[in-house]
Amino acid sequence: MPLLVMKFGGTSVADLARIRNAAQKVKSEVERGYDVIVIVSAMSGKTNELVGWVNETSPMYDAREYDAVVSSGENVTAGLMALTLQEMDVPARSWQGWQVPIQTTSQHGAARFQDIPRANLDAKFAEGFRVAVIAGFQGVSAEGRITTLGRGGSDTTAVAFAAAFDAERCDIYTDVDGIYTTDPRITSKARKLDKISFEEMLELASLGAKVLQTRSVELAMRYKVRLRVLSSFDDTDELSGTLVCDEDEIMESKVVSGVAYSREEAKLTLVTVEDRPGIAAAIFGPLSEAGVNVDMIVQNISEQNYKGREKPVTDMTFSCPVEQVARARKALETARDAGTISYDALEIDEDAAKVSVVGIGMRSHAGVAARMFRALADEGVNIKVIATSEIKISVLIDRKYMELAVQALHDAFELDKAG
Ligand code: ASP
Ligand code: MG
């Protein structure tokens with residue numbers, strides 16, 4: 001029988017009525033002839049509450065016990081979903097990660113999939129069960145301990161099952177009705193996309209469009225799992241939601257498909273570091289060890305600082321999330337004290353935001369950057385740092401202009417118009 005994976009996020013299983021609503025959608029697919037693997041999140045707010053309890057009990061907690069506690073929210077919704085389906089005369093059974101077993105690495109709190117053997121579930125489907133309900137976000141390590149995948153991990157569970165069981169599609173039910181050209185809270189002109197390519201979705205997901213966990217999109221791209229993002233609050237039909245798929249499935253796309261942003265960015269500049277082989281490694285090695293997610297990097301020879309010095313010098317600028325500034329500063333100061341790097345000053349600007357335009361059409365169209373910079377200039381927005389990739393152009397700007405910049409770019413690339 002053809003198989004579908006249906007994933008329900010926290011708001012879609014927030015209480016018993018919502019679970020019944022979700023179960024009804026599963027039942028409809030069963031009636032259409034599908035076997036279904038349902039992946040559930042914890043009820044909305046539950047995981048935050050569990051994380052809070054762990055932190056309050058033990059600030060330097062043992063990550064194995066963190067996972068034991070934090071994985072429990074999904075166990076509750078998986079059992080309740082199976083019971084609800086049984087009440088609707090749909091033969092269903094729930095599974096916790098270790099029962100499948102979903103084998104993962106033993107990095108507690110950030111585990112990765114190793115294998116999802118099919119035998120146990122296949123046997124259950126062969127017995128006549130039509131639905132397997134899986135607790136998302138969790139697995140089991142080789143040591144036999146419960147693991148979790150990192151926040152938002154149920155999306156990745158869903159894609160991993162879709163790949164392992166050759167599902168026809170992986171439907172991600174959430175509280176928004178699809179992927180938009182930008183955040184509808186920033187401009188009412190934001191438009192829902194019918195389709196978006198994996199690559200574009202990956203850029204949008206990692207740039208701060210929070211609908212899908214980034215890892216789930218990476219996995220979907222690798223195994224070509226077609227994802228549909230849709231709302232569990234709507235009555236669905238074949239065409240609702242947004243399909244995230246291979247670019248071959250998208251006939252003609254616009255040059256730019258979406259505008260993404262990330263609000264809490266910081267810009268750090270190391271003034272006058274030595275310009276010699278190994279300096280970038282000496283700076284970014286310690287930052288990476290300290291867990292700082294460095295994003296944009298610019299290295300620039302400064303004439304001014306070069307003059308009158310024996311050795312060449314350069315300025316090094318990079319961006320990272322504001323919440324990591326303290327860690328970054330400490331890592332750099334430690335490296336300086338240890339003598340592996342030297343600099344005259346560390347300048348920190350914590351009032352930045354990043355705005356990006358994304359689109360696979362950029363590969364074959366020139367002039368996207370010029371159009372973007374013109375639109376920002378017309379609004380008087382100053383650009384601090386620029387970075388580009390094959391399908392993305394990002395700028396770092398003052399945070400206070402972020403909304404304005406997103407609106408201006410949305411207009412400049414006519415994203416409110418279809419096709
Ligand atoms: N319940 C987990 C979280 O809130 C996993 C998920 O919902 O995807 O992060
Ligand atoms: Mg989510």
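Order of appearance sets the numbers: ligands from 1, and atoms from 1 within every ligand. Numbering of residues begins at 1 and proceeds along the displayed sequence.
Among all protein heavy atoms, the one lying closest to atom 6 (C) of ligand 1 is S154 OG, 3.3 Å. Remark: minimum distance from atom 7 (O) of ligand 1 to any protein heavy atom is reached at S41 OG, 2.8 Å.
More than 12 heavy atoms of other residues, nucleotides or ligands sit less than 6.0 Å from atom NZ of K124.
Taking a 4.0 Å cut-off on heavy atoms, E74 registers as neighbouring ligand 1. Residue-ligand proximity: G152 is placed with a non-hydrogen atom under 4.0 Å from ligand 1. Note on ligand 1: G153 sits in its first shell, one or more heavy atoms being nearer than 4.0 Å.
I250 and S197 make their closest contact through CD1-N, 3.4 Å (heavy atoms, listed as atom of the first residue, atom of the second, distance).
Remark: K27 does not engage E87 in a salt bridge, criterion side-chain N to carboxylate O under 4.0 Å. Looking at K354 and E265, no side-chain N of the basic residue comes within less than 4.0 Å of a carboxylate O on the acidic one, giving no salt bridge.
Polar contact with ligand 1: present for R151 (N/O pair, distance under 3.5 Å).
Remark: P101 engages Q103, P117, N120, V140 in a side-chain contact (heavy atoms from CB on, under 4.5 Å) (not counting sequence neighbours).
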